[in-house]
K.L.:
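I'd like to ask some things about the structure below.
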Number of protein chains: 2
Amino acid sequence: MQEPTLLLLTALADAPRHGYALIQEVAAISDGRVKMRTGTLYGALDRLLGQGLIEVAAEEVVDGRARRTYALTGAGREALAAEAGRLRAVATEAERRLTKIRAMLPGNAGSQGRPASGGGLS
Amino acid sequence: MQEPTLLLLTALADAPRHGYALIQEVAAISDGRVKMRTGTLYGALDRLLGQGLIEVAAEEVVDGRARRTYALTGAGREALAAEAGRLRAVATEAERRLTKIRAMLPGNAGSQGRPASGGGLS
DNA sequence: ACCTATAGGTAGGTTGACGATATATGTAGT
DNA sequence: ACTACATATATCGTCAACCTACCTATAGGT
């Protein structure tokens, strides 16, 4: 699952929303960094509907404009929770490794971390 | 940046590694869930080299086999840190929204605009 | 002889994100 | 009245990234 898709599910996690509102919500979640285009949005919505992760919660006409409201399904909720946990684990590991003090001096390559499967350098 | 790429940078964060070791390291980081194929690996390595996020740290011949060792550059280190922080924020937000108690009961769609004032969508 | 692990690489197909475009209504300014 | 912008949904073609499958080659185990 890619990030735009994850943001979409996240935007639906607390309340059902319609397409246009999702674009704004995704922008809000990502602090304005992700401006989702309609091409991405409706493509993703179709895909997620097909995967059963979201469903159409309502189809109304508000002020003369058609409005289709989407909601997370149980499966979508589970998928989002699993994905979020996984991403958190990767982020934690990345940060842990970045802060690890490396004794990587010239001529000392490969001495850190696990030994490379028995076969040392020549 | 997608997850395989992120895992690759993470695998290089604590020490330089060569291609095959990266596949194993990525598998270890992801708890065996991501078994990166060589097609993905070398495509990503080429891309990251082009972006200046990694560099070739060493080219040796070990036991008759060529071995190219890759390392994170300063830019790669920054990119990984930024990416990890971003992902953590998204994961946190997703989890926060998922645990939020929703007042979205059936027939209670009031928080999402007023109920249908017209017919459904085409 | 065969298999597995190590090590690196290419070819081709699929997926998903994206930009561009189309349609239509409401609101605000000039 | 006209123009511009925000709201709202939708399709199409392109492209980057990923993935499957395949290939070469050495070392060591069964």
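Here is the naming used below: chain letters follow the sequence lines, and residue numbers restart at 1 for every chain.
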K.L.:
Roughly how bent is the helix from C:dA1-D:dT30 to C:dT30-D:dA1 end to end, in steps of 10 degrees, with each end axis from five pairs?
P.N.:
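Result, rounded to 10 degrees: 10°.
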K.L.:
Restricting to non-hydrogen atoms, name the atom on A:Ile23 and the atom on A:Met36 that form the minimum distance, rounded to 0.1 Å.
P.N.:
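Looking at all heavy atoms of both residues, the shortest contact is CG2-O, 3.4 Å.
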K.L.:
Quick check for you: among D:dC19, C:dA17, D:dA10, whose closest atom lies nearest to any side-chain atom of A:Ala44?
P.N.:
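Side chain of A:Ala44 sits closest to C:dA17.
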K.L.:
What is the separation between atom CG on A:Asp46 and atom P on C:dT15, rounded to the nearest whole Å?
P.N.:
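Interatomic distance, CG of A:Asp46 to P of C:dT15: 15 Å.
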K.L.:
Using atom CG of B:Leu22 as one end and atom P of C:dG9 as the other, report the distance to the nearest whole Å.
P.N.:
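Taking CG of B:Leu22 and P of C:dG9, I get 12 Å after rounding.
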K.L.:
For B:Arg37 and D:dC22, is the shortest distance between a side-chain N/O and OP1 or OP2 below 4.0 Å?
P.N.:
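No, outside the criterion.
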K.L.:
Are any non-hydrogen side-chain atoms of B:Leu8 and B:Ile54 less than 4.5 angstrom apart?
P.N.:
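Sidechains of B:Ile54 and B:Leu8: no contact.
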K.L.:
B:Tyr70 has a side chain; which of D:dT9, C:dC18, C:dG9 sits nearest to it?
P.N.:
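Closest nucleotide to the B:Tyr70 side chain: C:dG9.
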K.L.:
In whole angstrom, give the distance that lies between atom CZ of B:Arg67 and atom P of C:dA7.
P.N.:
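Taking atom P of C:dA7 as the reference, CZ of B:Arg67 is at 5 Å.
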K.L.:
Could you check whether any side-chain N or O of B:Arg17 sits under 3.5 Å from a backbone N or O of B:Ala11, counting only pairs where one atom can act as donor and the other as acceptor?
P.N.:
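Confirmed, B:Arg17 side chain pairs with B:Ala11 backbone.
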K.L.:
B:Gln2 CD to C:dA17 P: how many Å, rounded?
P.N.:
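Rounding to the nearest Å, CD of B:Gln2 and P of C:dA17 are 8 Å apart.
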K.L.:
Is a donor on one side and an acceptor on the other found under 3.5 Å between the side chain of B:Thr10 and the backbone of B:Leu6?
P.N.:
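Indeed, once roles are kept as given, a pair shorter than 3.5 Å links the two residues.
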K.L.:
For residues A:Ala13 and A:Leu80, report the shortest heavy-atom separation together with the two atoms involved.
P.N.:
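Result for this residue pair: CB-CD2, 3.8 Å.
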K.L.:
Whole angstrom is fine here: how far is it from OH in A:Tyr42 over to C1' in C:dA22?
P.N.:
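Taking OH of A:Tyr42 and C1' of C:dA22, I get 13 Å after rounding.
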K.L.:
Working to the nearest 0.5 angstrom, can you tell me the gap between A:Leu12 CG and A:Arg77 CZ?
P.N.:
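Answer for the CG-CZ pair, A:Leu12 versus A:Arg77, is 9.5 Å.
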K.L.:
Could you tell me if the side chain of A:Arg68 sits less than 4.5 Å from the side chain of A:His18, heavy atoms only?
P.N.:
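They are not in contact (no side-chain heavy atoms under 4.5 Å apart), so the answer is no.
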K.L.:
Do any side-chain nitrogens or oxygens of B:Arg47 fall under 4.0 Å of OP1 or OP2 in D:dA17?
P.N.:
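Looking at the OP1 and OP2 atoms of D:dA17, one of them is under 4.0 Å from a side-chain N or O of B:Arg47.
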K.L.:
What integer distance in Å separates B:Ile23:CD1 from C:dG8:P?
P.N.:
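Between P of C:dG8 and CD1 of B:Ile23: 8 Å.
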K.L.:
Of the nucleotides C:dC18, D:dT9, C:dA5, which has the atom closest to the A:Arg68 side chain?
P.N.:
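Of the options given, the side chain of A:Arg68 lies nearest D:dT9.
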K.L.:
If I take atom CD in residue B:Glu3 and atom P in nucleotide D:dC18, what distance separates them, rounded to the nearest angstrom?
P.N.:
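Taking atom P of D:dC18 as the reference, CD of B:Glu3 is at 10 Å.
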K.L.:
Below 4.0 angstrom from OP1 or OP2 of D:dA17, is there any side-chain N or O of B:Thr5?
P.N.:
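No, outside the criterion.
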K.L.:
Under 3.5 Å, is there any donor-acceptor pair linking the side chain of B:Thr38 to the base of C:dG8?
P.N.:
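There is none.
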K.L.:
Contact class for B:Gly39 vs. all strands (heavy atom < 4.0 Å): base, sugar-phosphate, or nothing?
P.N.:
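If one applies the 4.0 Å heavy-atom cut-off, B:Gly39 turns out to touch a base.
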K.L.:
What are the two closest heavy atoms between A:Ala79 and A:Leu53, and how far apart are they?
P.N.:
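A:Ala79 and A:Leu53 have their closest heavy atoms at CB-CD2, 4.0 Å.
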K.L.:
Might you list the N or O atoms of the protein lying below 3.5 Å from N or O atoms in nucleotides 23-25 of chain C, with each pair's distance?
P.N.:
| residue | atom | partner | partner atom | Å |
| --- | --- | --- | --- | --- |
| C:dT25 | O2 | A:Arg65 | NE | 3.3 |

K.L.:
Looking at A:Thr92 and A:Arg88, would you say the former's side chain and the latter's main chain have a donor-acceptor pair under 3.5 Å?
P.N.:
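Here the side-chain-to-backbone pair exists.
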K.L.:
Mind checking if A:Gln24 touches a base, just sugar-phosphate, or nothing, with heavy atoms under 4.0 Å?
P.N.:
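Sugar-phosphate: the residue A:Gln24, judged by heavy atoms under 4.0 Å, touches backbone atoms but no base.
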K.L.:
If the cut-off is 4.0 Å, is B:Tyr20 near the phosphate of C:dG8, judged by side-chain N/O to OP1 or OP2?
P.N.:
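The answer is no; no side-chain N or O of B:Tyr20 sits under 4.0 Å from OP1 or OP2.
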K.L.:
Take the protein atom NZ of B:Lys35 and the nucleotide atom C1' of D:dC18, then report the distance between them rounded to whole Å.
P.N.:
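So the two atoms are 17 Å apart, to the nearest Å.
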K.L.:
Measuring from B:Leu45:CG to B:Tyr70:OH, what's the distance to the nearest 0.5 Å?
P.N.:
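It is 5.0 Å, given to the nearest 0.5 Å.
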